[in-house]
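For reference, the structure discussed in these notes is given below.
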Protein chains: 2
Amino acid sequence: MSTESTSAPDARLIASAEAQFRRFGFKRTTVDDITSEAGTGKGSLYLHFESKQAVYLAVVEASLERFVNSASQLLDGPGSVPERLRSLVELTIRHYGEDELLHASLFGKTGLVDGDVARMAADVQRTGIRSLLRALLAIGQREGSVRTDLDVDAAAAVLFEIGWAVVRAALEGDSQVSLDQALTTLNQIVGLGLLPRSQ
Amino acid sequence: MSTESTSAPDARLIASAEAQFRRFGFKRTTVDDITSEAGTGKGSLYLHFESKQAVYLAVVEASLERFVNSASQLLDGPGSVPERLRSLVELTIRHYGEDELLHASLFGKTGLVDGDVARMAADVQRTGIRSLLRALLAIGQREGSVRTDLDVDAAAAVLFEIGWAVVRAALEGDSQVSLDQALTTLNQIVGLGLLPRSQ
DNA sequence: TGACTGACTAGATTCGTAATCTGGTCAACA
DNA sequence: TGTTGACCAGATTACGAATCTAGTCAGTCA
């Protein structure tokens with residue numbers, strides 16, 4: 001019952017759940033843990049959430065939202081679209097390197113989360129980040145710094161996969177090339193590929 | 001003892017092991033299975049190989065070599081480097097879609113192979129395919145169809161990650177965009193990124 | 001003599017099952 | 001009417017016994 005009872009019950013539940021999930025992972029956190037820490041009865045959790053999985057997804061969504069917010073600032077900032085993409089990749093590596101919860105959910109690596117839940121959580125993240133990219137590309141096309149003959153949806157999907165690969169390689173450390181070199185090269189390749197042909 | 005005893009013992013062992021691994025996976029295939037199928041005593045396997053893992057890696061290497069051979073023909077063929085890259089991705093998807101052994105080893109998805117072995121087998125494949133890409137890029141630079149300011153090693157690593165992501169997305173089917181659209185977009189982005197600036 | 005074998009072993013894995021745990025429910029409660 | 005926590009079925013764990021198997025090496029044979 002350490003979480004204060006000042007805020008709304010569902011916020012308390014999320015906060016409590018987040019703390020527990022971060023410490024123990026999805027499997028080893030019990031619904032009893034969450035509710036007693038939040039200071040509610042067990043049944044109350046089911047007034048606000050469909051299931052334990054739903055609580056987990058809500059936590060991931062909240063955490064992702066914070067990441068997307070800081071990423072949005074960056075993407076609205078100055079610099080060419082390729083430059084901002086590079087910054088986004090760097091930010092993602094930093095953020096995901098620190099946020100074990102998002103990391104585990106997206107890559108499913110550790111024993112913190114199991115199959116189904118991890119897949120759903122990964123979907124949430126993929127969708128969120130992809131729409132971030134879509135927005136950036138659309139802005140770039142309007143500004144004239146991105147080729148207009150690119151299909152924004154497809155390009156966002158491909159860029160996500162590319163960026164994801166680099167982030168994964170950086171975080172898992174299974175790349176043979178230094179991160180900086182990879183980012184520079186990626187920027188060279190993707191950068192010129194996004195520029196309008198007229199240039 | 002169904003494998004003919006005409007060929008050399010180590011070739012017989014590899015052939016027998018490959019058949020067993022394909023059918024049952026690494027874990028459920030026993031050394032006894034392999035040697036009795038190859039018509040040798042159990043101890044003989046250890047005259048030719050360090051361990052069961054080593055046999056598995058040899059099988060993966062042999063299978064990869066066949067893939068690399070058909071890929072090499074393609075990469076030596078006509079077309080711009082980006083075009084040939086696209087063909088390579090398509091070939092990879094086709095090949096890995098059929099070859100459960102390579103697929104399982106690279107993506108570690110199914111229960112056919114477990115952690116350590118899968119990682120080593122994946123390394124073998126990464127190394128092989130990456131040097132394929134390195135060669136293609138070097139040729140492209142000599143031919144003038146690839147920018148010479150690209151670091152070939154880094155570009156090969158990045159292209160591998162990019163291609164890998166697309167192949168994985170295609171095989172796992174977790175992409176929101178059709179494969180063809182993804183390939184076309186990838187080609188647009190990567191293609192223009194590889195072309196010499198003079199163009 | 002040296003290539004080859006297969007019985008053997010230690011350690012891992014599987015199996016059976018009893019004990020425990022936990023997500024989700026719902027009758028009782030305030 | 002909103003909240004609770006005792007309760008339940010099914011999942012998970014614990015654990016000792018039985019089984020399996022990667023790797024070895026003393027012995028066989030050509």
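A/D33 has its CG atom 16 Å from the C1' atom of C/dG24, to the nearest Å. Between the P atom of D/dT3 and the CG atom of A/D10 lies a distance of 11 Å, rounded to the nearest Å. Regarding A/L13, its CG atom lies at a distance of 12 Å from the C1' atom of D/dT3, rounded to whole Å. Look at CD on A/Q53: it is 17 Å from P on C/dT22, rounded to the nearest Å. Taking atom CD on A/E50 and atom P on C/dG24, their separation rounds to 9 Å, with Å as the unit. Atom CD1 of A/I34 is separated from atom C1' of C/dT22 by 12 Å (rounded to the nearest Å). Atom CG in B/L45 sits about 9 Å away from atom P in D/dG23, given to the nearest Å. What separates CG of A/L47 from P of D/dG5 is a distance of 13 Å, to the nearest Å.
Between A/F21 and A/Y56, the angle of the ring planes goes over 60°, which puts this pair in the perpendicular group of the 30/60° scheme.
The heavy-atom pair separating A/A156 from A/R130 by the smallest distance is CB-O, 4.0 Å.
Among the atoms of the strands shown, none is found under 4.0 Å from any heavy atom of A/T35. Here B/S44 lies in heavy-atom contact (under 4.0 Å) with a base.
Minimum atom distance to the side chain of A/K42 is reached by D/dA6, of the listed D/dA22, D/dA6, C/dC4. Here the side chain of B/Y46 is nearest to one of D/dT4, D/dT24, C/dT25, namely D/dT24.
Checking A/D33 against A/T30 by side-chain atom types alone, a donor-acceptor pair falls below 3.5 Å.
Of the side-chain N and O atoms in A/K27, none sit less than 4.0 angstrom from OP1 or OP2 of C/dG23.
For A/D32 and A/G43, each mapped to the nucleotide of DNA chain C holding its nearest heavy atom, the one lying further toward the 5' end belongs to A/D32.
Taking the six-membered ring for Trp, B/H103 and B/Y96 have ring centres at least 6.0 Å apart.
Looking only at distances, a side-chain donor or acceptor of A/S70 sits under 3.5 Å from a matching main-chain atom of A/F67.
The base of D/dG23 lies outside donor-acceptor range of the side chain of B/K52, with no N or O pair under 3.5 Å.
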